[in-house]
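The structure under discussion appears below in the form of structure tokens.
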Amino acid sequence: MLQTTSVKEALASASPREDFLVRGWVRTRRDAKTFSFLELNDGSCLKNLQVIADAALPNYAEIQRLTTGASVSVRGQLVPSQGQGQKWEVKAAAVEIIGTADATYPLQKKGHTPEFLREIAHLRPRSNLFGCVFRVRSRLAFAVHQFFQERGFAYVHTPIITGSDCEGAGELFRVTTLDLKNPPRREDGEIDSAKDFFARPTYLTVSGQLEAEAFACALSKVYTFGPTFRAENSNTSRHASEFWMIEPEMAFCDLRGNMGLAEEFVKYLIRDVRTHCAEDLELFAKFVDKGLLERLDFVLDRPFQRVSYTEAVELLTQSGHKFEYPVEYGTNLQSEHERYLTEQHFKCPTTVYNYPKEIKPFYMRLNDDDRTVTAMDVLVPGIGEIIGGSQREERLDVLQTSMARHHLDPKDYGWYLDLRRYGTVPHAGFGMGFERMLMFVTGVSNIRDVIPFARTPGNAAF
RNA sequence: UGCCCAGUAGCUCAGCGGUAGAGCAGGUGACUGUUAAUCACUUGGUCGCUGGUUCGAUCCCAGCCUGGGCAGCCA
């Protein structure tokens with residue numbers, strides 16, 4: 001049987017080809033006097049392959065009824081195109097119609113809004129924009145692994161079902177097999193989780209960090225890359241209930257090393273997509289974000305800005321810029337503050353580090369000033385926080401004090417404390433939102449448009 | 001969850017206190033190595049839902065639903 005050639009391979013062909021097979025979906029059809037032009041797309045690349053279907057074909061009447069969305073298999077010759085705009089085209093010897101698409105097919109050859117396409121999530125990857133998004137997503141995921149594998153990091157699969165809530169990381173989805181209508185109850189009337197599947201309350205993970213720490217304190221350099229779940233009622237363009245997160249964790253590493261890795265990582269990903277997804281990025285630059293390529297290149301060209309939280313607060317206070325919310329030491333930076341720093345003041349990715357301990361989670365390492373912890377946030381123009389991380393508290397007594405201050409029961413963190421009891425070591429890591437990185441790299445401004453089937457509050461239809 | 005904006009044909013949108021229009025898509029025909037082809041004709045709407053005001057509501061008001069933007073939570 002004749003092997004299928006992808007549209008991508010066909011368009012990149014160095015020479016004409018006899019007896020050649022392509023399969024895909026019709027994007028549009030144009031009739032000429034004695035033949036019909038079919039624009040064939042198979043998702044292997046943005047471009048379509050032009051097929052010449054001659055009127056002499058036995059099923060020409062059916063071919064002339066082909067509409068946008070139909071699937072076909074085309075056998076023929078790959079020949080130089082007589083027309084402008086493409087190097088190669090297919091002179092069809094046979095066009096087999098596999099599946100028709102009637103007039104109700106919602107995708108048209110005109111452009112659609114992303115909002116409309118979200119309502120047909122099962123069909124939107126057939127659009128130019130989403131085809132590009134998901135090819136880039138695939139490449140970006142590959143680049144993530146490549147980056148860490150090249151540097152000797154081990155890929156760790158941390159659990160998706162977890163009994164720990166990684167304090168401070170948000171609301172959790174409960175995982176249970178109990179009968180919701182009639183759950184077993186204890187004598188005090190509370191639901192008896194001891195009778196649940198895992199004999200304890202369990203949740204979908206909000207972070208693999210704590211588990212990654214255990215593996216970093218064994219394999220030295222590790223990373224996770226997997227789905228993450230947050231049950232927050234967040235309705236913004238940059239939050240999803242299910243998203244993918246990358247969490248490197250390094251033993252014998254401090255905050256400085258952590259910031260260095262984060263910066264290197266971001267640049268690596270940009271460079272990789274820039275070279276391997278050039279055609280897709282051009283579509284984004286044309287239709288989504290005119291300044292995309294300049295901005296990506298700008299980021300590659302210079303070091304990230306680094307400012308301590310204290311410096312950032314001073315800088316914002318003295319900026320003379322009117323903010324809706326006041327800038328005050330000891331409170332979290334508001335989105336508008338972060339945006340000012342990265343978009344207006346520095347105009348480049350900015351790493352803010354050493355935050356007051358009061359506003360950060362228990363596991364972050366306390367600085368010698370006793371006021372700040374080694375937190376770091378990487379802010380990026382247009383999106384805001386893309387990475388959040390820290391050096392971890394490796395000193396058992398300091399960690400215990402911190403947990404007490406956060407009203408956490410040490411009994412719930414026994415194994416985590418063990419890591420400090422036995423061969424503790426300075427270590428650090430961060431979490432990168434994969435979709436946020438994808439948004440940055442594509443210019444697509446809504447996280448729902450960079451996830452194949454987005455889960456957000458009130459929405460899991462597909 | 002809060003604040004703001006929107007909902008009119010399959011899609012994008014215009015319009016108006018007297019029950020609606022364009023472009024594209026679909027259909028028919030013409031033309032053509034075309035490129036989101038072109039030209040002519042044409043089908044298509046309980047104007048988001050429920051109430052209220054009014055002689056009369058798609059238009060004004062209220063509530064609800066859906067979508068979007070921003071904020072909080074964070075990645």
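Residue numbers start from 1 in every chain, and the chains themselves are labelled A, B, ... in the order their sequence lines are given, proteins ahead of strands. We use all heavy atoms of the structure for the numbers below, so side chains are in, but hydrogens, waters and symmetry mates are not.
Remark: C1' of B:rU12 and CD of A:E119 are 13 Å apart, rounded to the nearest angstrom. B:rU32 atom C1' lies 15 Å from atom CG of A:D54, rounded to whole Å. Distance CZ (A:R339) to P (B:rG69): 13 Å, rounded to an integer number of Å. Atom CZ in A:R124 sits about 17 Å away from atom P in B:rC11, given to the nearest Å. Regarding A:D102, its CG atom lies at a distance of 11 Å from the C1' atom of B:rG10, rounded to whole Å. Summarising the geometry, the separation between CG on A:L38 and C1' on B:rU35 is reported as 13 Å, rounded to the nearest angstrom. Between the OH atom of A:Y105 and the C1' atom of B:rG26 there is a distance of 15 Å, given to the nearest Å. Straight-line distance from the CZ atom of A:F116 to the P atom of B:rG10: 11 Å, rounded to whole Å.
For A:R238, a side-chain nitrogen or oxygen approaches OP1 or OP2 of B:rA71 to under 4.0 Å. Here A:R118 reaches the OP1 or OP2 of B:rG68: one of its side-chain N or O atoms lies under 4.0 Å away. At B:rU12, one or more side-chain N or O atoms of A:T113 fall inside 4.0 Å of OP1 or OP2 (strictly under the cut-off). For the pair A:Q334 and B:rG72, the criterion of a side-chain N or O lying under 4.0 Å from OP1 or OP2 is met. Contact annotation: A:S237 side-chain N/O to B:rC70 OP1/OP2 distance is under 4.0 Å.
When the options A:E247, A:E249, A:Q149 are evaluated for a side chain to side chain donor-acceptor pair (under 3.5 Å) with A:Y223, the one that passes is A:Q149.
Contacts of A:Y325 with the nucleic acid, taken as non-hydrogen atoms under 4.0 Å apart, involve only primed sugar atoms and P, OP1 or OP2. A:F243 comes within 4.0 angstrom of a nucleotide base, judged by non-hydrogen atoms across all strands. Using a 4.0 Å heavy-atom distance criterion, A:N48 is classed as making no nucleic acid contact. A:E336 comes within contact range of no nucleotide atom at all, as no heavy-atom separation falls under 4.0 Å. Residue A:A103 is classed as a sugar-phosphate contact, given heavy-atom separations below 4.0 Å to backbone atoms only. Within 4.0 Å of A:G83, counting heavy atoms only, lies at least one base atom of the nucleic acid.
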Quiz prompt | Secondary-structure string, 5' to 3', Watson-Crick or G-U under 3.5 Å, | for another-strand partners, for RNA chain B | solution = (((((((..((((....[..)))).(((((.......))))).....(((((..]....))))))))))))....

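Rounded to whole Å, the separation between the C1' atoms of B:rG27 and B:rC55 comes to 42 Å. Nucleotides B:rA57 and B:rA20 place their P atoms 14 Å apart, quoted to the nearest Å. Straight-line distance between the P atoms of B:rC64 and B:rG23: roughly 39 Å, to the nearest whole Å. Nucleotides B:rC49 and B:rG26 have their P atoms positioned 28 Å apart, rounded to a whole Å. To the nearest whole angstrom, the two P atoms, one in B:rU46 and one in B:rU50, are 13 Å apart. Rounded to whole Å, the C1' atom of B:rU28 lies 49 Å from the corresponding atom of B:rC70. Nucleotides B:rC16 and B:rC61 are separated by 15 Å at their P atoms, to the nearest Å. Look at the P atom in both B:rC39 and B:rG7: the space between them is 30 Å, to the nearest Å.
Checked against a 6.0 Å centroid threshold, the rings of A:F225 and A:F148 do not count as neighbours. Under the 6.0 Å cut-off for aromatic ring centres, A:F147 and A:F153 do not qualify, their centroids lying 6.0 Å or more apart.
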Exercise. Go along nucleotides 36-47 of chain B 5' to 3' and tag each nucleotide: B for a protein heavy atom under 4.0 Å from its base, S when only backbone or sugar atoms are that close, - otherwise.
Key: BS----------

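Ring orientation note: the planes of A:H321 and A:F323 are tilted relative to one another, at an angle of 30° to 60°. Under the 30°/60° scheme for interplanar angles, the aromatic rings of A:F265 and A:F430 are found to be tilted.
Judged by atom type and distance alone, A:E89 reaches the base of B:rG33 through a side-chain donor-acceptor pair under 3.5 Å. At a cut-off of 3.5 angstrom, the base of B:rU12 holds no donor-acceptor pair with the side chain of A:Q108. In terms of polar N and O atoms assigned as donor or acceptor, the side chain of A:Q84 never comes within less than 3.5 Å of the base of B:rU34 in a complementary pairing.
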Practice problem: Begin from the C-alpha positions of A:M364 and A:K357 and carry the test side chain to side chain contact (heavy atoms under 4.5 Å, CB included) through to its verdict. | Solution: CA-CA 8 Å; A:M364 294 187 176; A:K357 64 180 177 185; over 6 Å; no

Self-check item: Full working for side chain to side chain contact (heavy atoms under 4.5 Å, CB included) between A:I246 and A:F434
Solution: CA-CA 7 Å; A:I246 300 133; A:F434 181 63; 3.7 Å; yes

Quiz item: Can A:L341 and A:L316 be said to form a side chain to side chain contact (heavy atoms under 4.5 Å, CB included), step by step?
Solution: CA-CA 8 Å; A:L341 288 175; A:L316 289 164; 4.0 Å; yes

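Shown here are the salt bridge (Lys or Arg N to Asp or Glu O under 4.0 Å) partners of A:R339, two or more places apart in sequence or in another chain: there are none.
With B:rU12, B:rC74, B:rU34 as the choices, the nucleotide that has an atom nearest any side-chain atom of A:E385 turns out to be B:rC74. Listed nucleotides B:rA75, B:rA71, B:rG33 differ in distance to A:K33; the shortest reach to its side chain belongs to B:rG33. Listed nucleotides B:rC11, B:rC74, B:rU34 differ in distance to A:F37; the shortest reach to its side chain belongs to B:rU34. Picking from B:rU1, B:rG67, B:rU34 the nucleotide with the shortest atom distance to the side chain of A:N233 gives B:rU1.
Judged purely by distance below 3.5 Å, without hydrogens or angles, the side chains of A:Y363 and A:Q209 pair a donor atom with an acceptor atom. In this structure, a donor-acceptor pair under 3.5 Å is present between the side chains of A:S81 and A:Q86.
Remark: A:R302 qualifies as a cation-pi partner of A:F298 under the 6.0 Å distance and 45° angle criteria applied to the six-membered ring. Note that A:R151 lies in the cation-pi zone of A:Y268, set by a 6.0 Å cut-off to the ring centre and a 45° limit from the axis.
Each of A:S81 and A:S234 has a nearest nucleotide on RNA chain B; the 5'-most of these lies closest to A:S81. Between A:Q82 and A:A240, it is A:Q82 whose nearest contact on RNA chain B lies nearer the 5' terminus.
A heavy-atom distance below 4.0 Å to RNA chain B is reached by none of the residues of residues 303-311 of chain A. Of the residues in residues 446-462 of chain A, A:N446, A:I447, A:R448 come within less than 4.0 Å of RNA chain B through at least one heavy atom, sorted by number.
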Under 3.5 Å, side-chain donor or acceptor atoms of residues 376-390 of chain A against the rest of the protein: list the pairs with distances, not counting sequence neighbours.
residue : atom : partner : partner atom : Å
A:D377  : OD2  : A:Y355  : OH           : 3.3
A:S390  : OG   : A:R392  : NH1          : 2.8

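No side-chain donor-acceptor contact under 3.5 Å links A:R27 to the backbone of A:N41.
Between A:F304 and A:K267, some side-chain heavy-atom pair lies under the 4.5 Å cut-off.
Taking all atoms of both residues into account, the shortest heavy-atom contact from A:N367 to A:V373 is ND2-C, 3.5 Å.
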